[in-house]
Undergrad: 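Have a look at the structure that comes next, please.
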Amino acid sequence: MAVTGDETDTDTGNSSDLTACQLRNTNSSLPQEMAGASAHSFMKTKDTVQKRELRLMKNREAARECRRKKKEYVKCLENRVAVLENQNKTLIEELRALKDIYRHKNE
DNA sequence: ATGCACCCGCGTCACCTGTA
DNA sequence: TACAGGTGACGCGGGTGCAT
């Protein structure tokens with residue numbers, strides 16, 4: 001919530017344009033940056049951009065892993081459904097056979 | 001060949017939850 | 001309480017099958 005707000009304030013909306021592209025630009029225009037703004041604020045910006053990129057990279061991988069796990073989970077469920085359907089079929093046949101036996105006994 | 005609907009995987013954002 | 005990781009939701013681009 002507030003936590004993510006802190007991240008997302010810098011991540012989304014206004015600063016969503018601060019991507020690798022901008023990092024590249026700042027790198028190429030280092031001398032002007034130094035002259036214009038303080039070295040401290042420049043480093044801060046650079047650090048912010050790097051942090052964002054790191055977070056995006058981690059989240060990218062997390063999403064990939066999450067999807068992989070989800071697919072695996074769904075496959076597991078489908079297998080289980082198949083097994084249970086087979087069991088059900090077997091039990092229905094067994095029940096039918098037992099009913100037959102019972103009927104013949106009483107005839 | 002082309003337009004279209006559908007599916008799939010991806011990247012990103014926003015949010016939630018567990019942990020130090 | 002700040003932070004990291006997991007995940008649902010969304011939009012996008014590419015692939016595929018199908019009708020025209």
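Throughout, protein chains are lettered first and strands after them, A, B, ... in sequence-line order, and every chain is numbered starting at 1.
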Undergrad: Would you give me the side-chain donor-acceptor pairs under 3.5 Å for residues 72-94 of chain A, sequence neighbours excluded?
TA:
unit_1	atom_1	unit_2	atom_2	d
A:E72	OE1	A:R68	NH1	2.9
A:T90	OG1	A:N86	O	2.9

Undergrad: If I take atom NZ in residue A:K71 and atom C1' in nucleotide B:dC7, what distance separates them, rounded to the nearest angstrom?
TA: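 From A:K71 NZ to B:dC7 C1': 12 Å.
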Undergrad: What is the distance, to the nearest angstrom, from the CD atom on A:E53 to the P atom on B:dG11?
TA: 14 Å
Undergrad: First locate atom CG of A:L54, then atom CG of A:N59, and finally report the distance between them rounded to the nearest 0.5 Å.
TA: 11.0 Å
Undergrad: Closest approach to the side chain of A:R60, judged atom by atom: which nucleotide of C:dT7, B:dG11, C:dG5 is it?
TA: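 Nearest listed nucleotide: B:dG11.
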Undergrad: Which nucleotide, C:dT7, C:dG5, B:dG11, lies nearest any side-chain atom of A:R64?
TA: B:dG11
Undergrad: Could you tell me the separation between the CD atom of A:E65 and the P atom of B:dG11, rounded to a whole number of Å?
TA: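 That distance rounds to 14 Å.
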Undergrad: With respect to the phosphate group of B:dC13, does any side-chain polar atom (N or O) of A:R52 fall under 4.0 Å of OP1 or OP2?
TA: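 Checking A:R52 against B:dC13: at least one side-chain N or O falls below 4.0 Å of OP1 or OP2.
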Undergrad: For a quick check of understanding: with a heavy-atom distance under 4.0 Å over all strands, which category does A:K51 fall into, base, sugar-phosphate or nothing?
TA: nothing
Undergrad: Apply the test salt bridge (Lys or Arg N to Asp or Glu O under 4.0 Å) to residues A:R96 and A:D100: give CA-CA distance (whole Å), side-chain angles for both, the deciding distance (0.1 Å), then the verdict.
TA: CA-CA 6 Å; A:R96 192 178 300 145; A:D100 268 2; over 6 Å; no
Undergrad: OP1, OP2 of C:dT7 versus side-chain N and O of A:K69: anything below 4.0 Å?
TA: yes
Undergrad: Enter the distance from A:E65:CD to A:K58:NZ here, rounded to the nearest 0.5 Å.
TA: 15.0 Å
Undergrad: Taking atom P of B:dC16 as reference, at what distance in whole Å does atom CG of A:N59 sit?
TA: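 After rounding, the reported distance stands at 16 Å.
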Undergrad: How long is the line joining CE of A:M57 and C1' of B:dC10, in whole Å?
TA: 16 Å
Undergrad: Between B:dT12 atom C1' and A:E61 atom CD, what is the distance in whole Å?
TA: 14 Å
Undergrad: Please determine whether a side-chain nitrogen or oxygen atom of A:K70 lies at a distance below 4.0 Å from atom OP1 or OP2 of C:dG6.
TA: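 No, because none of the side-chain N or O atoms of A:K70 sits under 4.0 Å from OP1 or OP2 of C:dG6.
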Undergrad: Regarding B:dG11, can its base be found pairing with the side chain of A:R67 as donor and acceptor, where the two atoms are less than 3.5 Å apart?
TA: yes
Undergrad: Starting at atom CZ of A:R55, determine the distance to atom P of C:dA4, rounded to an integer number of angstrom.
TA: 10 Å
